[in-house]
There are 2 protein chains.
Amino acid sequence: MESRIERIKKQLHSASYKLTPQREATVRVLLENEADHLSAEDVYLLVKEKAPEIGLATVYRTLELLTELKVVDKINFGDGVSRYDLRKEGAAHFHHHLICLECGTVDEVQEDLLEDVEDIVERDYNFKIKDHRLTFHGICHRCNERKDQDDAANKK
Amino acid sequence: MESRIERIKKQLHSASYKLTPQREATVRVLLENEADHLSAEDVYLLVKEKAPEIGLATVYRTLELLTELKVVDKINFGDGVSRYDLRKEGAAHFHHHLICLECGTVDEVQEDLLEDVEDIVERDYNFKIKDHRLTFHGICHRCNERKDQDDAANKK
DNA sequence: GTGGATGCAAAAATTTTGCAATATA
DNA sequence: TATATTGCAAAATTTTTGCATCCAC
């Protein structure tokens with residue numbers, strides 16, 4: 001079975017981009033931190049651990065390239081930096097995000113859930129949907145559970 | 001009947017913020033350009049027409065204030081600048097956006113549409129939703145109609 | 001009168017670009 | 001070998017901050 005990184009390499013090749021060690025190192029960092037939502041600076045620092053000679057500009061250029069190839073999605077949570085999120089392989093749609101206002105954690109929702117909404121928008125607004133971004137802001141399950149425990153403790 | 005701007009002024013007052021001419025001018029610009037999605041720089045240039053002495057920093061500070069008061073919502077379409085969108089009065093939820101990949105226009109969807117999705121997320125992820133951001137990327141009705149016309153013309 | 005608000009300029013932070021040197025296919 | 005890619009530094013952009021002055025309450 002072919003590895004994820006092999007398939008990404010082939011994607012680069014098919015689009016006639018060269019396979020440089022810098023690009024490979026960047027892709028590896030993204031794969032190894034799939035659950036995170038890294039900024040360009042975050043990626044740069046992690047790549048630097050393995051390939052110390054890499055420049056920040058190369059990381060920006062590689063992330064732009066991977067966005068173009070739809071290997072990653074560029075996303076912005078409103079904190080002033082762009083973040084790069086690996087698109088799940090074969091995923092028809094970009095996944096959604098849950099940002100906790102309390103602890104700052106960002107969780108992912110892989111289910112689509114938007115099919116009905118998209119049907120309505122396409123029909124009623126005559127808008128042909130190609131992609132979407134959906135983010136919820138609120139309180140995550142960890143903070144909710146902690147609060148439940150606190151409440152229970154106070155009742156005693 | 002009380003005007004929209006009067007109510008916003010009262011909101012400022014209730015939160016014990018002062019009512020300066022700069023703040024009033026900024027709010028007016030936002031009201032007069034309600035359909036647009038202005039960046040801080042955009043707002044600055046428009047306010048400057050009426051109150052030329054205003055500084056960009058004041059605009060940033062005012063927009064931050066209005067965001068805190070939930071008069072506007074800060075939103076980011078991934079083009080490197082934050083934009084500020086007047087929240088519809090009495091709207092329970094932030095409205096959605098349709099960004100056209102062809103002509104760049106941003107249209108708004110005032111219907112909520114997310115009730116069912118939010119129920120699922122709250123239940124299945126134990127996530128208490130406070131706010132949301134939903135943006136669709138695709139082709140707008142104007143570009144779709146133009147294309148239909150072009151197709152019809154080519155068939156002749 | 002006083003504390004918050006402003007304007008300006010400087011700084012910070014993020015991202016992009018020019019260019020000579022390098023390395024991939 | 002030819003051309004895409006890189007690293008570095010400089011530039012461009014966007015946003016924030018310090019501080020003396022000013023003004024709304």
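Protein chains get the first letters and strands the later ones, always in sequence-line order, with residue 1 at the start of each.
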Practice item. Start with the C-alpha gap between Glu24(B) and Arg28(B), add the side-chain angles, then the distance that decides, and say whether salt bridge (charged side-chain N to carboxylate O under 4.0 Å, His left out) holds. Key: CA-CA 6 Å; Glu24(B) 175 160 352; Arg28(B) 281 189 191 285; 2.7 Å; yes

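- Aromatic ring pairs are classed by plane angle as parallel below 30°, tilted from 30° to 60° and perpendicular above 60°; the pair His96(B) and His132(B) is tilted.
- Atom pair Tyr44(B):OH and dT14(D):P shows a separation of 14 Å (rounding to whole Å applied).
- A salt bridge links Arg142(A) with Asp107(A): the closest approach of a Lys/Arg side-chain nitrogen to an acidic carboxylate oxygen falls below 4.0 angstrom.
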Check your understanding: salt bridge (charged side-chain N to carboxylate O under 4.0 Å, His left out) between Lys70(B) and Asp131(B): does it pass, once the steps are laid out?
Key -> CA-CA 11 Å; Lys70(B) 295 200 186 306; Asp131(B) 197 4; 5.6 Å; no

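- In this structure, OH of Tyr84(A) is placed 8 Å from C1' of dT15(C), rounded to the nearest angstrom.
- Considering CD of Glu118(A) and NZ of Lys128(A), their distance stands at 9.0 Å, rounded to 0.5 Å.
- Between the CG atom of Asp79(B) and the P atom of dT14(C) there is a distance of 17 Å, rounded to whole Å.
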What nitrogen or oxygen pairs link the protein and nucleotides 23-25 of chain D at under 3.5 Å?
unit_1	atom_1	unit_2	atom_2	d
dC25(D)	OP1	His13(B)	NE2	3.3
dC25(D)	OP1	Leu19(B)	N	3.2

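- At dT15(C), one or more side-chain N or O atoms of Ser82(A) fall inside 4.0 Å of OP1 or OP2 (strictly under the cut-off).
- Taking CG of Asp150(A) as the start and CD of Glu145(A) as the end, the distance is 12.0 Å to the nearest 0.5 Å.
- Across every non-hydrogen atom of Glu108(A) and Tyr125(B), the tightest pair is O-CE2, 4.1 Å.
- Not a single donor-acceptor pair under 3.5 Å links the side chain of Asp119(A) to the backbone N or O of Asp116(A).
- A heavy-atom distance below 4.0 Å to DNA chain D is reached by these residues of residues 51-78 of chain B, ordered by number: Leu56(B), Ala57(B), Tyr60(B), Arg61(B).
- In this structure, Leu38(B) atom CG and dT14(D) atom P are separated by 14 Å, rounded to whole Å.
- Here the P atom of nucleotide dA13(C) and the CG atom of Asp42(A) are 15 Å apart, to the nearest Å.
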